[in-house]
Novice: 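Quick one: the structure is below, and I'll ask about it shortly.
As a basis for the values below, the full set of heavy atoms in this structure was taken, side chains included, without hydrogen atoms, waters or symmetry mates. Throughout, a chain's letter reflects where its sequence line sits, starting with A, and its residues are numbered from 1.
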2 protein chains.
Amino acid sequence: MTLHPQEIEVRFRRHAVRVTRQRAAIYAALVGTSSHPTADDLYRMVTRQHPAMSRNTVYYTLGVLRKAGLVQEVNVGHEVARFDGNVTMHHHLICVQCGRIEDVMDQELDQVKISNRRAKGFHVLGHRVEFHGYCESCREGRRDASPSHG
Amino acid sequence: MTLHPQEIEVRFRRHAVRVTRQRAAIYAALVGTSSHPTADDLYRMVTRQHPAMSRNTVYYTLGVLRKAGLVQEVNVGHEVARFDGNVTMHHHLICVQCGRIEDVMDQELDQVKISNRRAKGFHVLGHRVEFHGYCESCREGRRDASPSHG
DNA sequence: TGCTATGTAGGAATCATTCCTGTCTAGATA
DNA sequence: TATCTAGACAGGAATGATTCCTACATAGCA
Ligand SMILES: [Mn+2]
Ligand SMILES: [Mn+2]
Ligand SMILES: [Zn+2]
Ligand SMILES: [Zn+2]
C-alpha cells in the first residue's frame with residue numbers, strides 16, 4: 001500500500017510522533033511492502049533516497065513507531081527482527097524453508113479464545129496465530145526432491 | 001516432570017542421540033521444569049552437578065535434541081531463546097511484564113485451521129497460538145497502580 | 001579391546017542491536 | 001519571523017547471545 005506524504009504526516013501527528021524526512025521515508029518503505037522487512041532491509045531501501053541516513057536512525061525510528069502503535073515487530077523463531085506496517089489484527093503464514101512471511105486476515109482466528117479455566121490466572125490482552133509450512137515456490141522447488149516432507 | 005536416567009537413555013537411543021552425561025543432565029533439567037528456561041538458565045542449573053560443563057555444550061546439545069525432536073525452542077518477541085522439553089502439541093500464555101511462559105493444553109487450539117482460500121498456496125505443517133497478557137502475580141502487583149489495563 | 005565418528009571445553013569471532021556523544025532541527029512560543 | 005529546547009540524527013563504540021574453531025576425549029561399534 002502506497003501512502004501520500006500528507007497521510008503519513010497526519011498519522012504521525014495523530015500519534016504524537018515528530019515528523020522528519022527520515023521517519024517518513026522509513027515508514028513509507030515499511031507500509032509500502034508486504035514483505036515484513038528487517039531493519040537492515042529498510043536501511044537499504046531508504047538509503048537509496050537518503051544516502052546519509054544512519055542505521056541507528058532506522059532502529060531508533062522503528063522503536064518510536066512501535067511505541068506509538070504505528071508499527072509492529074514480527075519475530076520468526078530466532079532470526080533477525082522483522083517489521084510490519086500493518087497494525088490491524090492479522091496473523092501470519094511462515095515458510096520454514098525461505099522465511100517468507102505472508103499475512104492472513106481471518107476473523108475466526110481473531111476470535112480464538114482460551115477458557116478461563118485454562119488461563120491460569122492470566123489477564124489475556126491479545127493473541128497471535130502463526131502457521132508454519134512451505135510457501136508455494138518452495139513447494140515447487142521440492143516437487144522432484146525427496147518426498148520426505150510431502 | 002522428573003525422569004529416570006534409564007528413561008532418558010531410552011529416549012535418546014530411540015531418537016539416535018548418543019548418550020553422554022552432559023546431555024542427560026541438560027535434558028533432565030529441561031524436562032524437570034515448566035519454566036521454559038534459556039540456554040544460560042540451563043547452563044547454571046547443570047553446572048551445579050557438572051562444574052566442568054561448557055556453555056557451548058549446552059548450546060550444542062540443545063541443537064542436537066531439537067533436531068532429534070526431543071526439545072523445542074520457544075521464542076518470545078526478540079528476547080533470548082527459551083527451551084521447552086514438552087514436545088507434545090501445546091500453546092503458550094506469555095506475560096508481557098515479567099516474561100513468564102505457561103503452557104496451555106487445549107484441543108480446540110490444536111485444531112485451529114486456515115481455509116485453503118486464505119492459505120496463499122502454503123502447505124501448512126503446523127501452527128502455534130500465543131496469548132499475551134499479565135500473569136497472576138503481575139496483575140496483583142498492578143492492583144493499586146493505574147487501573148488503565150484493568 | 002581398539003577404532004573412529006562424534007562430543008566436549010575453552011576461547012575467539014560474529015553480528016544484530018543498543019549505547020554514547022556531539023551536532024542538528026521540528027515545532028512551540030513570543 | 002526569530003529564538004529556544006526537547007528530541008532526533010549520524011557515526012562510532014560497546015554489548016552479548018550465539019556460533020565458530022580446534023585440540024582433546026569418549027560413545028558405541030566390530
Ligand atoms: Mn503482517
Ligand atoms: Mn511449553
Ligand atoms: Zn518458501
Ligand atoms: Zn508476569
Novice: For the pair made of CD in B/Glu73 and P in D/dA17, what is the distance, rounded to whole Å?
Specialist: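 After rounding, the gap between these two atoms is 14 Å.
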Novice: A/Leu62 has an atom CG; how far is it from atom P of C/dA16, in whole Å?
Specialist: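 It is 15 Å, rounded to the nearest whole Å.
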Novice: On the ring face of B/Tyr134, is B/Arg139 found with NZ or CZ under 6.0 Å from the centre and within 45° of the axis?
Specialist: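 No; the conditions do not both hold, so B/Arg139 does not lie above the ring face of B/Tyr134.
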Novice: Nearest whole angstrom, please: distance from the C1' of C/dT21 to the CG of A/Asn56.
Specialist: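 After rounding, the reported distance stands at 11 Å.
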Novice: I need the single residue from A/His15, A/Glu9, A/Glu7 that forms a side-chain hydrogen bond (donor to acceptor under 3.5 Å, both in side chains) with A/Arg11. Which is it?
Specialist: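 Exactly one candidate clears the test, A/Glu7.
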Novice: How close do A/Lys120 and B/Glu102 get, heavy atom to heavy atom, and via which atoms?
Specialist: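 That closest heavy-atom pairing would be CD-OE1, 3.3 Å.
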Novice: OP1 or OP2 of C/dT18 less than 4.0 angstrom from a side-chain nitrogen or oxygen of A/Tyr59, does that happen here?
Specialist: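 No, outside the criterion.
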Novice: How close or far is atom C1' of D/dA25 from atom OH of B/Tyr60, stated in whole angstroms?
Specialist: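 Whole-Å distance recorded here is 14 Å.
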Novice: Any side-chain donor paired with an acceptor under 3.5 Å for B/His90 and B/Asp84?
Specialist: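 Side chains of B/His90 and B/Asp84: pair found under 3.5 Å.
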Novice: For DNA chain D, whose closest nucleotide is more 5', that of B/Glu9 or that of B/Arg82?
Specialist: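 Nearer the 5' end of the strand: B/Arg82.
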Novice: Between A/Ile8 (CD1) and C/dA26 (P), how many Å, whole number?
Specialist: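 Value for this atom pair: 16 Å.
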Novice: What is the separation between atom CG on B/Asn75 and atom P on D/dA17, rounded to the nearest whole Å?
Specialist: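 My rounded result for the distance is 15 Å.
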Novice: For B/Asn56 and B/Ser54, what are the C-alpha separation, side-chain angles and deciding distance, and is it a side-chain hydrogen bond (donor to acceptor under 3.5 Å, both in side chains)?
Specialist: CA-CA 5 Å; B/Asn56 185 26; B/Ser54 120; 4.8 Å; no
Novice: If you compare every side-chain N and O of A/Arg13 against the phosphate oxygens of C/dG27 (OP1, OP2), does one of them come in below 4.0 Å?
Specialist: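 True: A/Arg13 side-chain N/O within range (under 4.0 Å) of C/dG27 OP1/OP2.
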Novice: If you compare every side-chain N and O of B/Thr57 against the phosphate oxygens of C/dA9 (OP1, OP2), does one of them come in below 4.0 Å?
Specialist: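 Yes, because at least one side-chain N or O of B/Thr57 sits under 4.0 Å from OP1 or OP2 of C/dA9.
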Novice: Does D/dA8 have OP1 or OP2 sitting under 4.0 Å from an N or O in the side chain of A/Thr61?
Specialist: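 So the side chain of A/Thr61 is outside the cut-off, no N or O lying under 4.0 Å from OP1 or OP2 of D/dA8.
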Novice: Name the residue from B/Val64, B/Val58, B/Leu62, B/Thr57 that meets the side-chain contact (heavy atoms from CB on, under 4.5 Å) definition with B/Tyr60.
Specialist: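 Testing B/Tyr60 for a side-chain contact (heavy atoms from CB on, under 4.5 Å) against B/Val64, B/Val58, B/Leu62, B/Thr57 leaves exactly one candidate, B/Val64.
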Novice: Within the pair A/His78 and D/dT18, is there a side-chain N or O less than 4.0 Å away from OP1 or OP2?
Specialist: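 So the side-chain polar atoms of A/His78 do come within 4.0 Å of the phosphate oxygens OP1 or OP2 of D/dT18, strictly under.
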Novice: Within the 3.5 Å criterion, strictly below it, is a donor on B/His92 or B/Asp103 matched to an acceptor on the partner's side chain?
Specialist: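 Side-chain D/A pair, B/His92 to B/Asp103: present.
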Novice: Rounded to the nearest angstrom, tell me the gap between atom CE in A/Met53 and atom C1' in D/dA8.
Specialist: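 That distance rounds to 12 Å.
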Novice: Calculate the interatomic distance between A/Leu65 atom CG and D/dA8 atom P; express it in whole Å.
Specialist: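 In whole Å, D/dA8 P lies 11 Å from A/Leu65 CG.
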Novice: Strictly below 4.0 Å, heavy-atom distances to any atom of DNA chain D: list the hits from residues 17-48 of chain A, or just say none.
Specialist: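 Only A/Arg18, A/Thr20, A/Gln22, A/Arg23 qualify.
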